[in-house]
Each structure stands twice: as structure tokens, then as C-alpha cells.
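Read through the structure below, which is laid out as C-alpha cells, and then see the notes.
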Amino acid sequence: MQTTLPLQAIAPDVYVAPQMPPEAMAELARLGFKAVINNRPDFEGGPDQPTSAAVQAAALAAGLQYRHLPVQGAYQSPEEIAAFGVLLAELPRPLLAFCRSGARSTKLYTAARTV
């Protein structure tokens, strides 16, 4: 997979990344991704962070499925972990989950796989 996007595989068909801008959605589709999960709350990093609505519009325009499951970085509740597990089960692969750094999405993936 040739790209300049900072993607990290955590499973054969699941990747994580730091904040993805709307402009990255077309590149993700070109790379073969089918779905994107945004785990970052809107404006978590300030007013310059792209909103979920902006990323969603770009994802849908690129033919990607999109879900927004905003969770805090320090703590993910059992309900949020279960919701992530549902998304893993229902979304087509390969999929990308992103947050500020990728760590929160990785923690959600790991926790959802052990539930």
C-alpha cells in the first residue's frame, strides 16, 4: 500500500491513524478502504480541527462508509467499547479508525476484541 498517509495496520484489514482531514478520504478510497470510523470528538483539538460533518461529507463523496463514535482519550466506557465492536462487525473491510494520534482507536479495537 503506497501512500503518504500515516496509516498503521493493527489487523490484516483494520488500520488506525491520527486525525484524518476531509481531503484524505479520496486517498483512502483509492487505497481500497471501504469504511472509516472517527473516534475524535469535534473540536477536541481546537477550532481548526475538521468537524465530523466535514469528514463524513468527504468520505461519502469518496464512496466510503462513515461512522462517528467520539470517545475521550483517557477513558472509554464499556458502552463505547461495545459500540465500537458493533461497528467492527457491521462495517466492510478494510477499515480505518482514527483519533488524535491513533492510540485511542487502537485501545478501542483491542478492548472490543476481548469482549
Side-chain angles (χ1 to χ4, degrees):
M1 182 180 303
Q2 293 289 350
T3 185
T4 60
L5 295 177
L7 308 177
Q8 179 183 353
I10 57 173
D13 54 0
V14 179
Y15 290 72
V16 295
Q19 175 71 56
M20 288 282 109
E23 301 79 33
M25 297 301 111
E27 173 72 1
L28 291 171
R30 185 191 70 75
L31 293 169
F33 284 90
K34 306 289 184 212
V36 175
I37 303 171
N38 177 356
N39 294 129
R40 196 162 187 200
D42 278 349
F43 307 114
E44 176 186 62
D48 293 336
Q49 176 189 323
T51 64
S52 175
V55 178
Q56 179 178 15
L60 296 177
L64 299 168
Q65 291 193 37
Y66 178 88
R67 300 293 187 279
H68 188 212
L69 178 63
V71 299
Q72 298 303 312
Y75 174 76
Q76 293 83 48
S77 72
E79 294 79 15
E80 291 166 333
I81 292 165
F84 192 83
V86 168
L87 294 178
L88 288 174
E90 75 181 20
L91 289 172
R93 312 275 180 105
L95 68 81
L96 172 76
F98 74 87
C99 56
R100 187 189 65 76
S101 70
R104 170 180 354 178
S105 296
T106 301
K107 288 194 298 186
L108 280 165
Y109 176 81
T110 302
R113 300 288 295 161
T114 60
V115 172

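It should be emphasised that the depicted structure is a prediction, and the values quoted were computed from it without experimental measurement.
Nearest heavy atom pair, residue M20 against residue F98, reads N-CD1, 3.5 Å. The two atoms that bring C99 and R40 nearest to each other are C-CD, 3.9 Å, heavy atoms only. When all heavy atoms of E27 and Q2 are compared, the pair lying nearest together is OE2-O, 4.1 Å. Annotation for A62 and A29: closest pair O-CB, 3.4 Å, computed over non-hydrogen atoms. The two residues A97 and N39 make their nearest non-hydrogen contact at CB-OD1, 3.9 Å. Of all heavy-atom pairs spanning P21 and M25, the tightest one is O-CE, 3.8 Å.
Side chain of Q76 to backbone of V71: no donor-acceptor contact under 3.5 angstrom is found. D42 contributes a side-chain N or O that, together with a main-chain N or O of S52, makes up a donor-acceptor pair within less than 3.5 Å. Although no hydrogens or angles enter the test, the distance criterion places a donor-acceptor pair under 3.5 Å between the side chain of R93 and the main chain of L88.
Rounded to the nearest 0.5 Å, atoms OH (Y109) and CD1 (I81) are 14.5 Å apart. How far CZ of R113 is from CZ of F84: 10.5 Å, rounded to the nearest 0.5 Å.
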Evaluation steps, side-chain contact (heavy atoms from CB on, under 4.5 Å), between H68 and Q56
CA-CA 8 Å; H68 188 212; Q56 179 178 15; over 6 Å; no
Pair L7-L31, side-chain contact (heavy atoms from CB on, under 4.5 Å): steps then yes or no
CA-CA 11 Å; L7 308 177; L31 293 169; 4.0 Å; yes
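Salt bridge absent: E80 and R104 never bring a charged side-chain N and a carboxylate O closer than 4.0 Å.
Between V14 and the choices I37, L91, L95, the side chain to side chain contact (heavy atoms under 4.5 Å, CB included) rule is met once, by L95.
Within a 6.0 Å sphere centred on CD of E44, heavy atoms belonging to other residues, nucleotides or ligands number more than 12.
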